[in-house]
Protein chains: 2
Amino acid sequence: MAHHDLQTVSHECGDCPIRHRAVCARCEADELQRLEQIKYYRSFQAGQTVIWSGDRMDFVASVVTGIATLTQTMEDGRRQMVGLLLPSDFVGRPGRPTAAYDVTATTDLVMCCFRKKPFEELMSSTPHIAQRLLEMTLDELDAAREWMLLLGRKTAREKIASLLAIIARRDTHLKLKSAKGSIVFDLPLTREEMADYLGLTLETVSRQVSALKRDGVIELEGKRHVIVRDFDKLLEETGDDTDGGYLV
Amino acid sequence: MAHHDLQTVSHECGDCPIRHRAVCARCEADELQRLEQIKYYRSFQAGQTVIWSGDRMDFVASVVTGIATLTQTMEDGRRQMVGLLLPSDFVGRPGRPTAAYDVTATTDLVMCCFRKKPFEELMSSTPHIAQRLLEMTLDELDAAREWMLLLGRKTAREKIASLLAIIARRDTHLKLKSAKGSIVFDLPLTREEMADYLGLTLETVSRQVSALKRDGVIELEGKRHVIVRDFDKLLEETGDDTDGGYLV
DNA sequence: CCGCGGGTTTGATCTGCATCAAGGCCGACA
DNA sequence: TGTCGGCCTTGATGCAGATCAAACCCGCGG
């Protein structure tokens, strides 16, 4: 099959990761059409549960707008967040029938869903989708392992700084450290959610956020609005290697 | 292309995960031959470093015999193990030029390596290899997230019990709980390595192992040889859901 | 205008694990 | 056979973060 002009085409929902490398506009058009056919949108209100751990999950999806969390809960109620889904992040595992975690909308949320069965078929007929998914999954794995270091070895203050740095980075699309200018963002999580993410209690989170503010690392307007005037200063608090870039 | 008799063929290194689903013996033979061509073995002594984080990594590999660990280290020396590689586990990420973690042999180790470039080519021409890798990576991601719960929310005693349960399970290939009979195995890790895995200090590990022994949850012969007479009793100590199976 | 409730802060106290320190065990090697 | 060096255990003490307990802030509905 001859390939024609090279260009990137993406199906219409913004940053959705289920899009193709630049291959061949014609072949892509085909696949995109098939994607469109199995795709639908779902909206959730802040606080709503998207799916419970163990439930049958017959779709895969990507976040269009809003924020969702993945959490695990122990019988006695101890909770650990194991993932934070921002726009363009992907949820769901082809080949797995049930959800492995609770997925919850922490803000109003729109997801772009693909019915799983046809998605899997599409996947096996178009190899680069599997490769794209593999790449994304490897990224998630790296992030999870980075988080293991945080949970196992960082102090409360370092944990808070790391979380703030990650959110700041994600919000502003800076991949590495950016020295210039202030970064301003709204915390998408309550203190309790931050605690569940960091393996702390909400009181400790509150105290450490106050401490970072007192020490001039961050500024706060209200409880959620954060201003970082000197990102490097924040990075120093994370305990991470600062010179080698973020993901070594 | 016509498919012939269905059967599973595997290239000759034991449990290596880079093997094929049952497809077609003839097609497989082809691919296996290509795999053989790019494959080689490497041996390491206990304690040797296989590769340092950040180094160029021009192969992917699977563990044939022995045990290796993945660790991350902070500048000040705090260490967190982020993966434990037992026979048949896979290391390396297609599409990534450098290693993301230190890989160390904790016992004598034999790995079956594939040169990365040709492996990637093979991967793009035989889609089910990418799918197999995706599946394995998803499994690793699940394990990493399970571990995040452990690091963030479990007590020292629960952490030890969980580690013992995982090793016992891996050693004996039981997928879920098995009530019957004693399980006997050797700890493949020193107390310090266990500590690095669990986000504890070696002293705490030692104390909690002693405590589990004192409380009759495990028996010890020497320092490394563990006997679990009642696996359920051990599972109760892990804090995990015991009824729903292991991976919910 | 008040009262209510969810999220947050702050203080006082407690505790599980880290830290510091001393020995014990045991295999290797002279 | 002694002793040296890894690894492990055990004890004493300290401290970061958990827990318990108030009170504050602020948007919202009455």
Side-chain angles (χ1 to χ4, degrees), chain A residues 45-48 69 74 76-80 104 106-107 150-164 186-215 218-226 237 239, chain B residues 45-48 69 74 76-80 104 106-107 150-164 186-215 218-226 237 239:
Chain A
Q45 294 179 304
Q48 251 189 304
T69 61
M74 296 170 69
D76 60 6
R78 281 176 279 173
R79 283 159 51 87
Q80 177 63 50
T104 313
T106 59
T107 64
L150 177 146
L151 289 171
R153 294 302 188 194
K154 289 192 179 177
T155 64
R157 173 182 260 245
E158 287 169 340
K159 287 178 176 184
I160 300 287
S162 300
L163 179 58
L164 293 176
D186 282 307
L187 282 175
L189 303 175
T190 65
R191 298 289 185 264
E192 185 174 22
E193 285 161 342
M194 292 172 67
D196 283 341
Y197 205 167
L198 299 169
L200 298 170
T201 59
L202 89 222
E203 293 96 329
T204 299
V205 170
S206 179
R207 276 185 245 273
Q208 295 296 339
V209 169
S210 300
L212 288 176
K213 178 183 170 187
R214 170 173 41 73
D215 299 346
I218 59 172
E219 291 167 41
L220 275 181
E221 247 164 45
K223 286 140 195 325
R224 301 291 197 92
H225 194 72
V226 180
E237 297 285 347
Chain B
Q45 294 178 303
Q48 251 190 304
T69 61
M74 296 171 69
D76 61 6
R78 281 175 279 174
R79 284 159 50 86
Q80 177 63 51
T104 313
T106 59
T107 65
L150 177 145
L151 290 170
R153 294 302 187 192
K154 288 191 180 178
T155 64
R157 173 182 261 246
E158 287 169 339
K159 287 178 176 183
I160 299 288
S162 300
L163 179 57
L164 293 175
D186 282 306
L187 282 175
L189 303 174
T190 65
R191 299 290 185 262
E192 185 175 20
E193 286 162 340
M194 291 172 68
D196 283 341
Y197 206 167
L198 299 169
L200 299 170
T201 58
L202 90 220
E203 294 96 329
T204 299
V205 169
S206 179
R207 275 186 246 275
Q208 296 296 338
V209 170
S210 300
L212 287 176
K213 179 182 170 188
R214 170 173 40 73
D215 299 346
I218 59 172
E219 289 167 43
L220 276 181
E221 247 164 46
K223 284 131 194 333
R224 301 291 197 90
H225 194 74
V226 180
E237 297 286 346

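Each chain gets a letter, A, B and so on, in the order its sequence line appears, and its residues count up from 1.
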| request: Using five base pairs at each end, measure the axis-to-axis angle across the helix from C:dC1-D:dG30 to C:dA30-D:dT1 and round it to 10 degrees. | output: 20°
| message | Before you tell me yes or no, could you show the steps for B:V226 and B:D186 under side-chain contact (heavy atoms from CB on, under 4.5 Å), namely the whole-Å CA-CA distance, both residues' side-chain angles and the distance that decides it to 0.1 Å? | response | CA-CA 6 Å; B:V226 180; B:D186 282 306; over 6 Å; no
| task | May I ask you to decide if A:R78's main-chain N or O and B:R153's side chain share a donor-acceptor pair within less than 3.5 Å? | result | no
| Donor-acceptor contact below 3.5 Å, side chain A:Q80 vs main chain A:D196 | yes
| request: Output all residues satisfying salt bridge (charged side-chain N to carboxylate O under 4.0 Å, His left out) with A:R191, sequence neighbours left out; order by chain, then residue number. | output: none
| task | Considering only heavy atoms of chain B and a distance under 4.0 Å, specify the first and last nucleotide of DNA chain C in 5' to 3' order that meet this criterion. | result | C:dC17 to C:dC20
| remark: In this structure, CD of B:E237 is separated from CG of B:L164 (nearest 0.5 Å) by 10.5 Å
| task | Spell out protein contact along nucleotides 5-18 of chain D as letters: B when the base is contacted, S when just the sugar-phosphate is, - when no protein heavy atom is under 4.0 Å; keep the 5' to 3' order. | result | ---SBBBB----SS
| When rounded to the nearest 0.5 angstrom, what distance separates CG in B:L163 from NZ in B:K154? | 10.5 Å
| message | Restricting to side-chain contact (heavy atoms from CB on, under 4.5 Å), what partner residues turn up for A:T190, sequence neighbours left out? | response | A:E192, A:E193, A:R224
| remark: Looking only at heavy atoms, the pair that brings A:K159 and A:G199 closest together is NZ-O, 3.8 Å
| note | Shortest non-hydrogen pair, A:Y197 vs A:L151, comes out as O-CD2, 3.8 Å
With a 3.5 Å cut-off and sequence neighbours excluded, list the donor-acceptor pairs that the side chains of residues 204-215 of chain B form with protein atoms.
residue: B:T204; atom: OG1; partner: B:T201; partner atom: OG1; Å: 3.1
residue: B:S210; atom: OG; partner: B:S206; partner atom: O; Å: 3.0
residue: B:D215; atom: OD2; partner: B:R157; partner atom: NH2; Å: 2.2

